[in-house]
*Asks:* 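Just passing along the structure, written as structure tokens.
All chains are named by letter (A, B, ...) in the order of the sequence lines, taking the proteins before the strands, and each is independently numbered beginning at 1.
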Amino acid sequence: MSILQDIFAELKWRGLIHQTTDDAHLPTWLNAASRTLYAGFDPTADSLHVGSLMPLMILRRFQRAGHKPIALVGGATGMIGDPSGKSEERNLLSLDALRANVRGLEAQMRTVLDFDNAANPAVLVNNYDWMSGFSFLEFLRDVGKNFPVNVMLAKDSVKSRLERSDAGLSYTEFSYMLLQAYDFVHLYSQHGCELQLGASDQWGNITAGIDLARRQKSVQLYGLTCPLLTKSDGSKMGKTESGTVWLSAARTSPYAFYQYWINVDDADAGKCLRFLTEFSREEIEALDAARAVEPAKRESQRRLAEELTRLIHDDVGLDSARRATEIFFGAEIRELSDVQLGEIFADVPSKELPRSRLTGEGLNVIDALVEASLAKSKGDARRTIEQGGAYVNNRRIDGLTKQLSPADLASESVMVLRSGKKKYALLRFRD
RNA sequence: GGGGGGUUUCCCGAGCGGUCAAAGGGGUCAGACUGUAAAUCUGAUGGCAUUGCCUUCACAGGUUCGAAUCCUGUACCCCCCA
């Protein structure tokens, strides 16, 4: 087994410790032996997103430091809905949807955690496995009995919802913390798990588990929360105009994922490097210094994007993201294959047209822009071209009369149109 | 139930019976600048067409050579008095 590293100090300098249940003993406790810990993940979708990357990375850090991480997928709790941090009652997911989601999450966790390590392998559990068999009466007697309602009402997650006049809190969601509390105790009994991690909004649920363990098992468990991953303007990290940034390549292409990190604000770059990468303190501080002197080089963002894209999408994914970036911001596109273009422009909308449109007179650029939905009318297309904002295969179009012919294809059958700096669309010409 | 005001192009908002596709602002789009940033500056912003044409100013009618602008009715909104 690897020698234990001082994980607490590591988390501390990275700013990953928001709150712990025992600041005094936790560091020495962690350094004394290999401990088992867990973090839970909600299967509200079939993929994790940037927000859940942070706790997952913390599990990874613990594993690397010699501890045993358990990733819990909330197949049962996901059926209920955690009121923490939510302003409204959740919609319930169907059992089938949950199962599919759980499978999706498992696959992603395998890329971040090591499940085959002999000494301290990561373990994946699904709380549906032990929760589904519980009868309501049993649960009320064994678990519910240990929860004073006044304590539950005092939790922030509950209190904030009760104070709102426009959103209620159902009994179901109110009970959520009992389930998560029970999970912790169950993992303690079955796996010797003594520490639970979570984002800061999980504090109430974590302490609920610690209370339950003390009452039921007379043991002292620990809790540790990390800050929420937010931007300097206070908004949540991991959202773009087009929606959430997911870890699944099917939902967010490696290119889009890479681009998200490349575009991180200078003000947020240092935090992202500390929270999400495994660069050493020296490396990160060097990047901070470089960013202060030469922000334009954006080395921090580049390193961040490369590191995370490689971690989530592998070298292959990073390669395709890099290649796509080159093309998206680079020179003329020519002599590529349909397959290559398809990969690079995976996120780009495309439209199929009969090949006959290109032959003979050819296809007018104005019509091409409209067909590709880059302009909402011919007038709009005309304007874009007149103002120098229209491109075919990344080459600016400078006349309204340009007719496109087969010679303008970037590959066997695809033409790449662009309006403005980075709004692309493909036209595919089929026989 | 009585009296008054309102409804304008994505949003706010100005509009004299002709010179109104309709001021101004916001937003959006494009360009320049730049770090694939922020800020700034410039231009564009109903549709079709190289002069011009067509459809818009709550809805339906009417007056007029001509209406977003006047009249009548309908719908919705706001305010005041019961």
Side-chain angles (χ1 to χ4, degrees), chain A residues 50 229-243 245 252-273 286-309 313 317-333 344-349 361-403 416-425:
Chain A
V50 164
L229 186 56
T230 53
K231 292 199 259 190
S232 52
D233 65 7
S235 63
K236 265 190 198 164
M237 199 95 202
K239 296 275 183 208
T240 65
E241 322 78 57
S242 45
V245 179
T252 301
S253 72
Y255 166 75
F257 185 82
Y258 179 86
Q259 282 295 316
Y260 180 78
W261 300 110
I262 283 284
N263 283 309
V264 163
D265 277 3
D266 293 349
D268 299 319
K271 187 159 51 168
C272 287
L273 287 167
L287 285 169
D288 285 346
R291 197 168 61 249
V293 180
E294 280 186 303
K297 286 189 84 173
R298 293 183 311 136
E299 201 187 338
S300 297
Q301 283 90 336
R302 199 161 298 125
R303 293 291 306 279
L304 178 68
E306 282 172 8
E307 184 71 7
L308 293 179
T309 308
H313 296 297
L318 176 58
D319 268 2
S320 82
R322 274 215 189 103
R323 237 178 336 149
T325 296
E326 237 168 73
I327 298 275
F328 269 80
F329 298 96
E332 199 175 331
I333 303 166
I344 293 166
F345 293 97
D347 297 329
V348 163
E361 292 259 301
L363 177 64
N364 185 268
V365 255
I366 295 175
D367 295 321
L369 286 172
V370 174
E371 289 285 9
S373 306
L374 284 179
K376 59 179 194 290
S377 69
K378 288 190 183 182
D380 194 22
R382 188 181 300 275
R383 262 194 301 280
T384 307
I385 297 169
E386 278 170 348
Q387 296 184 128
Y391 301 77
V392 172
N393 302 330
N394 270 354
R395 177 184 239 165
R396 181 178 274 179
I397 295 168
D398 46 24
L400 294 173
T401 53
K402 165 89 174 160
Q403 298 292 121
V416 183
L417 299 185
R418 175 179 139 208
S419 154
K421 285 197 168 57
K422 35 183 159 172
K423 206 162 62 195
Y424 282 88

*Asks:* Of the nucleotides U50(B), U36(B), A30(B), which one has an atom closest to the side chain of S419(A)?
*Replies:*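 For the S419(A) side chain, the nearest candidate turns out to be A30(B).
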*Asks:* Using the side-chain heavy atoms of Q301(A), tell me which of these nucleotides is nearest: U34(B), G35(B), A49(B).
*Replies:*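 Selected nucleotide (nearest to the side chain): G35(B).
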*Asks:* Given the P atoms of U34(B) and A22(B), what is the spacing between them in whole Å?
*Replies:*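 U34(B) and A22(B) have their P atoms separated by 36 Å.
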*Asks:* Using both distances under 3.5 Å as the test, list the Watson-Crick or G-U wobble partner of C41(B), or none.
*Replies:*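 Base-paired to G31(B).
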*Asks:* Write down the distance between CG (N263(A)) and P (G35(B)), rounded to a whole number of angstrom.
*Replies:*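 After rounding, the reported distance stands at 15 Å.
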*Asks:* Counting only heavy atoms from other residues, nucleotides and ligands, does the tally under 6.0 Å from CD of E306(A) exceed 12?
*Replies:*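 Yes.
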*Asks:* I need the minimum non-hydrogen distance between A372(A) and A425(A), along with the two atoms involved.
*Replies:*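 Taking every non-hydrogen atom into account, O-CB, 3.6 Å.
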*Asks:* If the C1' atom of U56(B) is compared with that of U45(B), how far apart are they to the nearest Å?
*Replies:*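 It works out to 16 Å between them.
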*Asks:* Scan every strand shown for a Watson-Crick or G-U wobble partner of C20(B), both distances under 3.5 Å, and answer none if you come up empty.
*Replies:*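 Base partner found: none.
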*Asks:* Which of the following nucleotides, C29(B), U36(B), G31(B), is nearest to the side chain of Y391(A)?
*Replies:*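 That would be G31(B).
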*Asks:* Return the nucleotide paired to C10(B): Watson-Crick means purine N1 to pyrimidine N3 with N6-O4 or O6-N4, wobble means G-U with N1-O2 and O6-N3, both under 3.5 Å.
*Replies:*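 Result: G26(B).
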*Asks:* Whether R298(A) contacts U36(B) is assessed here as follows: a side-chain N or O lying under 4.0 Å from the phosphate OP1 or OP2. Is that the case?
*Replies:*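 Yes, within the criterion.
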*Asks:* Which of the following nucleotides, A30(B), G35(B), U36(B), is nearest to the side chain of I262(A)?
*Replies:*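 From the listed options, U36(B) comes nearest.
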*Asks:* If the C1' atom of C16(B) is compared with that of G61(B), how far apart are they to the nearest Å?
*Replies:*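 Rounded to whole Å, the distance is 26 Å.
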*Asks:* Among U36(B), A30(B), U50(B), which nucleotide has an atom closest to any side-chain atom of Q259(A)?
*Replies:*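 Nearest nucleotide to the side chain: U36(B).
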*Asks:* Please pick, from C29(B), G35(B), G31(B), the nucleotide with the shortest atom-to-atom distance to any side-chain atom of K421(A).
*Replies:*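 Nucleotide nearest to K421(A)'s side chain: G31(B).
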*Asks:* Given the P atoms of G25(B) and U42(B), what is the spacing between them in whole Å?
*Replies:*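 It comes out at 11 Å once rounded to the nearest Å.
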*Asks:* Please determine, for G52(B), whether a Watson-Crick or G-U wobble partner exists with both distances under 3.5 Å, and give it or none.
*Replies:*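 WC or wobble partner is C48(B).
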*Asks:* Looking only at atom types and distance, does a side-chain atom of R396(A) sit under 3.5 Å from a main-chain N or O of G388(A), one as donor and one as acceptor?
*Replies:*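 Yes; at least one donor-acceptor contact below 3.5 Å.
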*Asks:* By nearest atom, which of the nucleotides G35(B), A37(B), A44(B) is closest to the R383(A) side chain?
*Replies:*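 The closest nucleotide is A44(B).
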*Asks:* Let's see if you can work this out: which of C48(B), A30(B), G35(B) has an atom nearest to the side-chain heavy atoms of S377(A)?
*Replies:*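 Nucleotide nearest to S377(A)'s side chain: C48(B).
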